[in-house]
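Everything on this sheet refers to the single structure shown next.
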Amino acid sequence: MKKNIAGTEVDVNDEGYLTDMSQWNEAIAAAIAAEEGIGPLTDAHNKVINYLRQQQAAGAALTIRSMGKSGVVTTKELYDLFPGGPLKKSSKIAGIPKPGGCIYTK
Amino acid sequence: MKDHPVKKMSIIVSRGSLDGIYPALIMANGARMEGIEASLFFTFFGLNALANKTLDSLKVSTVGNSALNMAMPMLGLPMTIPFPTVMGAIPGVSAFATHLMNKEMEKLDIPPVREFLELISDSGGKIYACKLAMDMFKLKKEDLMDRVDGVLTVGQFYEESAGEGTHILFT
């Protein structure tokens with residue numbers, strides 16, 4: 001379905017995750033973050049978001065373990081930055097699909 | 001369903017085999033990833049998962065495990081062929097089954113027990129040991145891995161688990 005986020009018409013699923021990551025921009029990220037009670041987005045958030053988008057574009061499966069080992073963020077920081085669901089919320093803000101498995105993003 | 005969301009999982013771990021411990025770790029980590037509080041309470045043989053001497057070499061139980069079959073220890077044979085308990089008792093078989101399971105876990109990016117406990121601890125999950133079982137096995141706090149948040153009595157465990165939306169799970 002279509003949704004207008006931060007003035008841009010984007011395709012989202014019924015949970016509000018973007019279905020086409022190319023429609024994403026920083027204003028959309030900020031708007032989703034605000035909706036999720038996260039932020040305002042800082043450089044630390046953006047580092048995670050950019051990493052998630054890179055990995056998603058590369059087709060890599062992300063896990064909570066691999067995030068902690070990525071060098072981008074520690075497990076503790078990830079939980080602090082995105083309280084209430086580190087991978088779920090960061091994925092939504094990054095405009096990539098919702099984590100599918102028990103420990104994965106896809 | 002949404003009126004009474006799960007807010008906290010208090011998971012009791014009473015078994016000490018690799019296959020007895022992983023489900024609890026996965027449930028606790030999964031809870032934290034959903035924004036649900038999690039605490040793990042290790043009792044009886046579950047303490048093997050916290051004791052520094054045992055926690056890096058936990059084994060899959062291959063004896064008296066009637067559900068074990070030729071597919072389960074990842075031997076690649078059909079699930080319908082049972083894994084004979086007598087075979088499970090042969091020295092080295094449990095170690096081999098453990099090796100195969102660890103390999104599969106690694107492929108799924110599921111960490112080994114110590115790293116998994118560290119991950120859960122970093123995510124804000126709590127790790128407790130049962131005082132009675134500690135006394136019984138003659139274990140001291142310093143015998144346990146460094147992420148253990150405390151040694152609790154059953155009463156303290158219930159106190160720790162208090163709150164609306166907490167679920168207590170025995171594994």
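As the structure is a prediction and not an experimental result, all values here were calculated from the model. So that the names make sense, note that chain A is the first sequence line, chain B the second, and so on, each numbered from 1.
- A 6.0 Å sphere centred on OH of Y51(A) holds more than 12 heavy atoms belonging to other residues, nucleotides or ligands.
- Taken from CG in L119(B) to CE in M67(A), the straight-line distance is 12.0 Å, to the nearest 0.5 Å.
- Interatomic distance, Y79(A) OH to M33(B) CE, rounded to the nearest 0.5 Å: 6.0 Å.
- At a 4.5 Å heavy-atom cutoff, the contact between K88(A) and chain B is made by side-chain atoms alone.
- Using a 4.0 Å cut-off between charged side-chain N and carboxylate O, K89(A) and E34(B) make no salt bridge.
- Atoms CG and OG1, from D109(B) and T63(A) in turn, are 3.5 Å apart once rounded to the nearest 0.5 Å.
- Enclosure of atom CE in M27(B) is not indicated, since only 12 or fewer non-hydrogen atoms of other residues, nucleotides or ligands lie within 6.0 angstrom.
- Taking a cutoff of 4.0 Å between a charged side-chain nitrogen and a carboxylate oxygen, R65(A) and E118(B) do not qualify as a salt bridge.
- Within a 6.0 Å radius of CD in E115(B), other residues, nucleotides and ligands contribute more than 12 heavy atoms.
- Inter-residue side-chain proximity for I64(A) and N29(B) is flagged as met; some heavy-atom pair is nearer than 4.5 Å.
- Connection of L152(B) to I11(B) is not established within any shared hydrophobic cluster, with ILVMFWY side chains joined at heavy-atom distances below 4.5 Å, either directly or through further cluster members.
- Annotation for F45(B): atom CZ does not count as buried by contact number, only 12 or fewer foreign heavy atoms lying within 6.0 Å.
- Enclosure of atom CD in E164(B) is not indicated, since only 12 or fewer non-hydrogen atoms of other residues, nucleotides or ligands lie within 6.0 angstrom.
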